[in-house]
Amino acid sequence: MILLESHNVVIYTTLAEKAAKPSSLDVVFVDFDGVRFHMSTPEKKTVIQLSMSIRCWDELALYGALDILKREYGSLIKAATEPEYNITLQIDLEQLPADAEDREAVLKSISLMKRNVLGAPFESAFREQKKLEDSGGSQGQLMQIHYRDEEAIYIQAASDRVTVIFSTVFREETDRVFGKLFLQEFVDARRPGIQNAPPSIQNAPQVLYSNRDPPLEIRDLPGLRHSEDIGYVTFVLFPRHFAKSDVSFNTISHIQLFRDYLHYHIKCCKAYMHSRMRHRVSEFQKVLNRAKMEATTTERKTVTGRTMVSR
(Lines give C-alpha, C1' and ligand atoms only; values in the text may rest on other atoms or scores of the structure.)
Protein backbone atom coordinates (compact mmCIF):
# COMPACT_ATOMS: atom_id res chain seq x y z
CA MET A 1 0.00 0.00 0.00
CA ILE A 2 1.50 3.32 -1.06
CA LEU A 3 1.93 6.40 1.10
CA LEU A 4 0.53 9.68 -0.20
CA GLU A 5 2.99 12.53 -0.67
CA SER A 6 2.71 15.38 1.83
CA HIS A 7 3.70 18.02 -0.73
CA ASN A 8 1.59 19.16 -3.66
CA VAL A 9 3.03 17.69 -6.86
CA VAL A 10 1.29 20.22 -9.13
CA ILE A 11 2.86 23.17 -7.29
CA TYR A 12 6.31 21.59 -7.26
CA THR A 13 6.40 20.54 -10.93
CA THR A 14 4.88 23.82 -12.14
CA LEU A 15 7.39 25.94 -10.24
CA ALA A 16 10.27 23.75 -11.47
CA GLU A 17 9.13 24.06 -15.08
CA LYS A 18 8.57 27.82 -14.89
CA ALA A 19 11.91 28.33 -13.15
CA ALA A 20 13.61 26.61 -16.09
CA LYS A 21 11.50 28.36 -18.75
CA PRO A 22 9.29 31.25 -17.56
CA SER A 23 5.95 31.73 -19.32
CA SER A 24 2.46 33.03 -18.64
CA LEU A 25 0.41 31.00 -16.17
CA ASP A 26 -3.17 30.91 -14.88
CA VAL A 27 -4.35 27.64 -13.38
CA VAL A 28 -6.79 26.66 -10.61
CA PHE A 29 -6.60 23.19 -9.03
CA VAL A 30 -7.81 21.36 -5.94
CA ASP A 31 -5.91 19.24 -3.42
CA PHE A 32 -7.22 16.72 -0.88
CA ASP A 33 -9.96 17.90 1.50
CA GLY A 34 -11.25 20.53 -0.92
CA VAL A 35 -8.21 22.83 -0.57
CA ARG A 36 -8.17 25.16 -3.60
CA PHE A 37 -5.06 26.70 -5.20
CA HIS A 38 -4.59 29.39 -7.83
CA MET A 39 -1.28 29.90 -9.62
CA SER A 40 -0.95 32.89 -11.95
CA THR A 41 1.42 35.49 -13.36
CA PRO A 42 -0.64 38.71 -13.12
CA GLU A 43 2.30 41.10 -13.51
CA LYS A 44 5.13 39.40 -15.39
CA LYS A 45 6.23 35.91 -16.37
CA THR A 46 9.00 35.64 -13.80
CA VAL A 47 6.76 36.44 -10.81
CA ILE A 48 4.29 33.69 -9.84
CA GLN A 49 1.43 34.32 -7.45
CA LEU A 50 0.26 31.30 -5.44
CA SER A 51 -2.98 31.54 -3.44
CA MET A 52 -4.64 28.95 -1.23
CA SER A 53 -8.17 28.60 0.15
CA ILE A 54 -9.00 26.14 2.94
CA ARG A 55 -12.38 25.84 4.63
CA CYS A 56 -11.02 25.71 8.21
CA TRP A 57 -8.76 28.76 7.89
CA ASP A 58 -10.35 30.68 10.79
CA GLU A 59 -9.79 27.73 13.15
CA LEU A 60 -6.21 27.21 11.96
CA ALA A 61 -5.44 30.91 12.38
CA LEU A 62 -6.45 30.64 16.05
CA TYR A 63 -3.87 27.87 16.53
CA GLY A 64 -0.95 29.75 14.99
CA ALA A 65 -1.15 29.07 11.24
CA LEU A 66 -0.04 32.61 10.35
CA ASP A 67 3.01 32.36 12.60
CA ILE A 68 4.07 29.13 10.91
CA LEU A 69 3.60 30.64 7.46
CA LYS A 70 5.71 33.66 8.42
CA ARG A 71 8.37 31.33 9.80
CA GLU A 72 8.46 29.20 6.65
CA TYR A 73 7.94 31.81 3.90
CA GLY A 74 8.76 35.22 5.42
CA SER A 75 8.90 37.87 2.71
CA LEU A 76 7.17 35.62 0.17
CA ILE A 77 3.83 36.31 1.87
CA LYS A 78 1.95 39.00 0.01
CA ALA A 79 0.30 41.69 2.12
CA ALA A 80 -2.77 41.92 -0.12
CA THR A 81 -4.37 38.45 -0.26
CA GLU A 82 -6.10 37.48 -3.51
CA PRO A 83 -9.91 37.75 -3.23
CA GLU A 84 -11.70 34.50 -2.25
CA TYR A 85 -8.44 33.04 -0.91
CA ASN A 86 -6.92 32.93 2.57
CA ILE A 87 -3.19 33.34 1.91
CA THR A 88 -1.12 34.45 -1.09
CA LEU A 89 2.57 33.96 -1.81
CA GLN A 90 4.55 35.85 -4.43
CA ILE A 91 7.51 33.93 -5.86
CA ASP A 92 10.09 35.78 -7.92
CA LEU A 93 11.74 33.13 -10.09
CA GLU A 94 14.75 35.38 -10.67
CA GLN A 95 15.46 35.41 -6.92
CA LEU A 96 15.58 31.59 -6.54
CA PRO A 97 18.96 30.15 -5.44
CA ALA A 98 21.37 29.31 -8.22
CA ASP A 99 22.45 26.05 -6.60
CA ALA A 100 20.28 23.14 -7.76
CA GLU A 101 19.89 21.55 -4.30
CA ASP A 102 19.03 24.85 -2.61
CA ARG A 103 16.52 25.67 -5.35
CA GLU A 104 14.85 22.28 -5.00
CA ALA A 105 14.60 22.78 -1.23
CA VAL A 106 12.84 26.13 -1.73
CA LEU A 107 10.40 24.70 -4.25
CA LYS A 108 9.69 21.72 -1.99
CA SER A 109 9.03 24.06 0.92
CA ILE A 110 6.53 26.09 -1.12
CA SER A 111 4.75 22.91 -2.25
CA LEU A 112 4.29 22.02 1.46
CA MET A 113 2.06 25.06 1.96
CA LYS A 114 -1.07 23.08 2.84
CA ARG A 115 0.88 20.72 5.10
CA ASN A 116 2.40 23.62 7.03
CA VAL A 117 -0.97 25.32 7.54
CA LEU A 118 -2.63 22.12 8.80
CA GLY A 119 0.40 21.42 10.99
CA ALA A 120 -0.28 24.48 13.19
CA PRO A 121 -2.59 22.80 15.74
CA PHE A 122 -0.26 19.79 15.96
CA GLU A 123 2.77 21.96 16.74
CA SER A 124 0.68 23.87 19.28
CA ALA A 125 -0.37 20.61 20.97
CA PHE A 126 3.24 19.36 21.09
CA ARG A 127 4.37 22.58 22.80
CA GLU A 128 1.44 22.42 25.21
CA GLN A 129 2.29 18.82 26.14
CA LYS A 130 5.80 19.91 27.11
CA LYS A 131 4.42 22.70 29.30
CA LEU A 132 1.95 20.35 31.00
CA GLU A 133 4.72 17.85 31.63
CA ASP A 134 6.92 20.51 33.26
CA SER A 135 4.11 22.09 35.30
CA GLY A 136 2.36 18.87 36.30
CA GLY A 137 -0.92 19.82 34.60
CA SER A 138 -3.48 17.30 33.44
CA GLN A 139 -5.07 18.29 30.12
CA GLY A 140 -4.82 21.13 27.67
CA GLN A 141 -7.20 22.78 25.25
CA LEU A 142 -9.30 20.60 22.95
CA MET A 143 -8.66 21.91 19.44
CA GLN A 144 -11.23 21.28 16.71
CA ILE A 145 -10.47 21.51 12.97
CA HIS A 146 -13.55 21.08 10.78
CA TYR A 147 -11.64 20.52 7.56
CA ARG A 148 -14.38 18.64 5.67
CA ASP A 149 -18.18 18.51 5.57
CA GLU A 150 -19.37 16.46 8.56
CA GLU A 151 -15.78 15.48 9.43
CA ALA A 152 -13.25 16.96 11.82
CA ILE A 153 -9.92 16.47 13.59
CA TYR A 154 -9.77 16.82 17.37
CA ILE A 155 -6.42 17.36 19.11
CA GLN A 156 -5.79 17.51 22.85
CA ALA A 157 -2.55 17.55 24.79
CA ALA A 158 -2.01 15.89 28.17
CA SER A 159 0.99 15.68 30.48
CA ASP A 160 2.24 12.43 28.93
CA ARG A 161 0.60 12.28 25.49
CA VAL A 162 -1.19 14.04 22.65
CA THR A 163 -4.48 12.53 21.51
CA VAL A 164 -5.60 12.97 17.90
CA ILE A 165 -9.13 11.92 16.91
CA PHE A 166 -10.44 11.70 13.34
CA SER A 167 -14.13 11.52 12.58
CA THR A 168 -14.83 10.07 9.13
CA VAL A 169 -18.04 9.36 7.23
CA PHE A 170 -18.52 6.26 5.08
CA ARG A 171 -21.06 7.08 2.39
CA GLU A 172 -21.66 3.52 1.18
CA GLU A 173 -22.20 0.18 2.90
CA THR A 174 -19.18 -1.36 1.16
CA ASP A 175 -17.02 1.56 2.35
CA ARG A 176 -18.06 0.83 5.93
CA VAL A 177 -17.07 -2.83 5.57
CA PHE A 178 -13.67 -2.07 4.02
CA GLY A 179 -13.05 0.79 6.45
CA LYS A 180 -13.76 -1.40 9.47
CA LEU A 181 -11.35 -4.06 8.17
CA PHE A 182 -8.58 -1.53 7.58
CA LEU A 183 -9.03 0.21 10.92
CA GLN A 184 -9.23 -3.05 12.84
CA GLU A 185 -5.91 -4.01 11.27
CA PHE A 186 -4.38 -0.78 12.61
CA VAL A 187 -5.63 -1.72 16.07
CA ASP A 188 -4.48 -5.36 15.90
CA ALA A 189 -1.03 -4.57 14.45
CA ARG A 190 0.40 -3.57 17.85
CA ARG A 191 -0.94 -6.59 19.72
CA PRO A 192 1.78 -8.94 21.01
CA GLY A 193 2.21 -12.27 19.29
CA ILE A 194 1.69 -11.03 15.73
CA GLN A 195 3.84 -13.18 13.45
CA ASN A 196 6.45 -11.51 11.20
CA ALA A 197 5.69 -8.08 12.67
CA PRO A 198 8.70 -5.69 12.45
CA PRO A 199 10.01 -4.28 15.77
CA SER A 200 9.08 -0.73 14.68
CA ILE A 201 5.39 -1.66 14.95
CA GLN A 202 5.66 -1.66 18.75
CA ASN A 203 6.94 1.93 18.63
CA ALA A 204 4.05 3.12 16.47
CA PRO A 205 1.27 5.26 18.01
CA GLN A 206 -1.56 3.42 19.69
CA VAL A 207 -4.68 3.31 17.51
CA LEU A 208 -8.27 2.93 18.73
CA TYR A 209 -11.37 2.64 16.57
CA SER A 210 -15.01 3.10 17.53
CA ASN A 211 -18.08 3.01 15.35
CA ARG A 212 -21.02 5.36 15.96
CA ASP A 213 -20.14 6.21 19.59
CA PRO A 214 -17.64 9.11 19.97
CA PRO A 215 -14.56 8.60 22.15
CA LEU A 216 -14.65 9.81 25.74
CA GLU A 217 -12.51 12.89 25.00
CA ILE A 218 -15.16 14.43 22.69
CA ARG A 219 -18.35 12.73 23.89
CA ASP A 220 -19.71 15.91 25.49
CA LEU A 221 -19.22 18.12 22.42
CA PRO A 222 -22.47 19.41 20.87
CA GLY A 223 -23.48 18.48 17.33
CA LEU A 224 -21.77 15.08 17.11
CA ARG A 225 -23.47 12.47 14.94
CA HIS A 226 -24.47 9.07 16.31
CA SER A 227 -25.14 7.01 13.20
CA GLU A 228 -23.84 3.81 11.63
CA ASP A 229 -22.08 5.62 8.77
CA ILE A 230 -19.59 7.48 10.97
CA GLY A 231 -16.45 6.18 12.64
CA TYR A 232 -13.89 7.62 15.04
CA VAL A 233 -10.17 6.83 14.87
CA THR A 234 -7.98 7.79 17.83
CA PHE A 235 -4.18 8.12 17.67
CA VAL A 236 -2.26 8.36 20.94
CA LEU A 237 1.05 10.14 20.36
CA PHE A 238 3.71 9.87 23.05
CA PRO A 239 6.73 12.21 23.42
CA ARG A 240 8.92 9.80 21.45
CA HIS A 241 6.77 10.56 18.40
CA PHE A 242 7.47 14.31 18.42
CA ALA A 243 10.38 15.03 20.79
CA LYS A 244 12.90 15.51 17.96
CA SER A 245 12.28 18.06 15.21
CA ASP A 246 12.71 15.64 12.31
CA VAL A 247 10.48 13.00 13.96
CA SER A 248 7.87 15.65 14.75
CA PHE A 249 7.91 16.85 11.11
CA ASN A 250 7.30 13.32 9.79
CA THR A 251 4.61 12.62 12.38
CA ILE A 252 2.64 15.72 11.39
CA SER A 253 3.07 15.03 7.68
CA HIS A 254 1.81 11.45 7.95
CA ILE A 255 -1.01 11.81 10.45
CA GLN A 256 -2.77 14.70 8.72
CA LEU A 257 -3.04 12.57 5.56
CA PHE A 258 -4.56 9.61 7.41
CA ARG A 259 -8.14 10.25 6.30
CA ASP A 260 -7.12 10.62 2.64
CA TYR A 261 -4.90 7.53 2.93
CA LEU A 262 -7.77 5.46 4.33
CA HIS A 263 -10.37 6.42 1.73
CA TYR A 264 -7.87 6.24 -1.13
CA HIS A 265 -7.09 2.61 -0.35
CA ILE A 266 -10.77 1.78 0.15
CA LYS A 267 -11.38 2.97 -3.42
CA CYS A 268 -8.33 1.01 -4.65
CA CYS A 269 -9.66 -2.20 -3.02
CA LYS A 270 -13.08 -1.70 -4.60
CA ALA A 271 -11.50 -1.10 -8.00
CA TYR A 272 -9.35 -4.22 -7.62
CA MET A 273 -12.35 -6.38 -6.66
CA HIS A 274 -14.35 -5.06 -9.60
CA SER A 275 -11.49 -5.84 -11.98
CA ARG A 276 -11.25 -9.40 -10.58
CA MET A 277 -15.00 -9.88 -10.94
CA ARG A 278 -14.90 -8.69 -14.56
CA HIS A 279 -11.98 -11.03 -15.25
CA ARG A 280 -13.87 -13.98 -13.72
CA VAL A 281 -17.00 -13.23 -15.78
CA SER A 282 -14.85 -13.02 -18.91
CA GLU A 283 -13.34 -16.44 -18.14
CA PHE A 284 -16.81 -17.94 -17.63
CA GLN A 285 -17.92 -16.55 -20.98
CA LYS A 286 -14.94 -18.18 -22.68
CA VAL A 287 -15.88 -21.54 -21.15
CA LEU A 288 -19.46 -21.17 -22.36
CA ASN A 289 -18.32 -20.22 -25.87
CA ARG A 290 -16.13 -23.32 -26.08
CA ALA A 291 -18.94 -25.62 -25.01
CA LYS A 292 -20.57 -27.65 -27.86
CA MET A 293 -24.15 -28.73 -27.76
CA GLU A 294 -24.62 -32.44 -28.59
CA ALA A 295 -27.26 -33.03 -31.22
CA THR A 296 -29.93 -35.41 -29.93
CA THR A 297 -31.35 -37.85 -32.50
CA THR A 298 -34.51 -39.90 -31.96
CA GLU A 299 -35.19 -43.18 -33.75
CA ARG A 300 -38.48 -43.22 -35.67
CA LYS A 301 -40.29 -46.45 -36.53
CA THR A 302 -43.21 -47.39 -38.75
CA VAL A 303 -46.36 -49.16 -37.62
CA THR A 304 -44.91 -52.51 -38.63
CA GLY A 305 -41.77 -51.92 -36.54
CA ARG A 306 -39.36 -50.97 -39.33
CA THR A 307 -36.86 -48.15 -38.68
CA MET A 308 -37.24 -45.03 -40.78
CA VAL A 309 -33.99 -43.92 -42.37
CA SER A 310 -33.61 -40.40 -43.77
CA ARG A 311 -31.94 -40.17 -47.17
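Here, residue 1 is the first one in the sequence, and each next residue gets the next number.
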Evaluate the criterion ring pair (Phe, Tyr, Trp, His ring centres under 6.0 Å) for residue pair F258 and F235; output intermediate values, then yes/no.
CA-CA 10 Å; F258 169 75; F235 290 89; 4.9 Å; yes
Check: Y147/R259 side-chain N/O donor and acceptor closer than 3.5 Å
no
Given D31 and V10, is the side chain to side chain contact (heavy atoms under 4.5 Å, CB included) satisfied, shown in steps?
CA-CA 9 Å; D31 202 342; V10 176; over 6 Å; no
Write down the atom of L60, the atom of P121, and the distance for their closest heavy-atom approach.
CD2-CD, 3.8 Å
With a 4.5 Å cut-off on side-chain heavy atoms, are K180 and N211 touching?
no
Verdict with reasoning, D149 to R55, per salt bridge (Lys or Arg N to Asp or Glu O under 4.0 Å):
CA-CA 9 Å; D149 292 335; R55 68 173 63 238; 2.9 Å; yes
If we ignore angles and hydrogens, is there a donor and acceptor under 3.5 Å between the side chains of D175 and H263?
no
Could you tell me whether K131 and E128 make a salt bridge, using a distance below 4.0 angstrom between a side-chain N and a carboxylate O?
no
Give a yes or no answer on whether the side chain of Q156 reaches the backbone of G140 with a donor-acceptor pair at less than 3.5 Å.
yes
If you look at every heavy atom in N116 and Y73, which pair is closest and at what distance?
ND2-OH, 2.9 Å
Please check if the number of heavy atoms outside R219 that lie under 6.0 Å from its CZ is greater than 12.
yes
Neighbour count >12 (heavy atoms, 6.0 Å) for atom NZ, K270:
yes
Where C269 and F178 come nearest, the two heavy atoms and their spacing
CB-CE2, 4.0 Å
Exercise: identify the closest heavy-atom pair between P214 and I218
CB-CG1, 4.0 Å
Can you tell me if CD on E104 sees more than 12 non-hydrogen neighbours from other groups inside 6.0 Å?
no
For H241, does its backbone N or O pair with a side-chain atom of T251 as donor and acceptor, under 3.5 Å?
yes
Can you check whether P215 reaches Y154 side chain to side chain, under 4.5 Å on heavy atoms?
no
Among side-chain atoms of R115 and S6, is any donor-acceptor pair under 3.5 angstrom?
no
Compare all side-chain heavy atoms of P239 with those of F126 and state whether any distance is below 4.5 angstrom.
no
Does the pair K18 and L25 meet the rule for a side chain to side chain contact (heavy atoms under 4.5 Å, CB included), with working shown?
CA-CA 9 Å; K18 298 305 177 183; L25 176 66; 4.1 Å; yes
Ion pair check, E123 and R71, cut-off under 4.0 Å:
yes
Ignoring hydrogens and geometry, is there a side-chain-to-backbone donor-acceptor pair from R103 to P97 under 3.5 Å?
yes
Test item: V9 and S111 side chains (from C-beta on) under 4.5 Å apart, heavy atoms:
no
Under 3.5 Å: donor-acceptor pair, side chain of D229, backbone of R171:
no
Any heavy-atom pair between the side chains of T234 and V207 that's under 4.5 Å?
no
Could you walk me through whether I252 and Q256 satisfy the side chain to side chain contact (heavy atoms under 4.5 Å, CB included) test, starting with their C-alpha distance in whole Å, then the side-chain angles of each, then the deciding distance to 0.1 Å, before giving a yes or no?
CA-CA 6 Å; I252 295 174; Q256 67 179 224; 3.6 Å; yes
Apply the test side chain to side chain contact (heavy atoms under 4.5 Å, CB included) to residues V117 and W57: give CA-CA distance (whole Å), side-chain angles for both, the deciding distance (0.1 Å), then the verdict.
CA-CA 9 Å; V117 170; W57 172 259; 4.1 Å; yes
Under 3.5 Å, side chain of H254 to main-chain N/O of N250, donor-acceptor pair present?
yes
Heavy-atom check, side chain of M277 versus side chain of V281, under 4.5 Å
no
Please confirm whether the backbone N or O of S159 pairs with a side-chain atom of Q129, one donor and one acceptor, at under 3.5 Å?
yes
Any chance the side chains of D213 and Y232 put a donor and an acceptor closer than 3.5 Å?
no
Any salt bridge linking R225 with E150? Criterion: basic side-chain nitrogen under 4.0 Å from a carboxylate oxygen.
yes
With no hydrogens and no angle check, is any side-chain donor or acceptor of Q90 less than 3.5 Å from a backbone partner on I77?
no
Are the side chains of M39 and I48 in touch, meaning some heavy atoms are under 4.5 Å apart?
yes
Do the non-hydrogen side-chain atoms of N8 and K114 ever get within less than 4.5 Å of each other?
no
When every non-hydrogen atom of I230 is compared with those of S167, the smallest separation belongs to CD1-CB, 4.5 Å
Is E283 atom CD crowded by more than 12 heavy atoms from other residues, nucleotides or ligands, each under 6.0 Å away?
yes
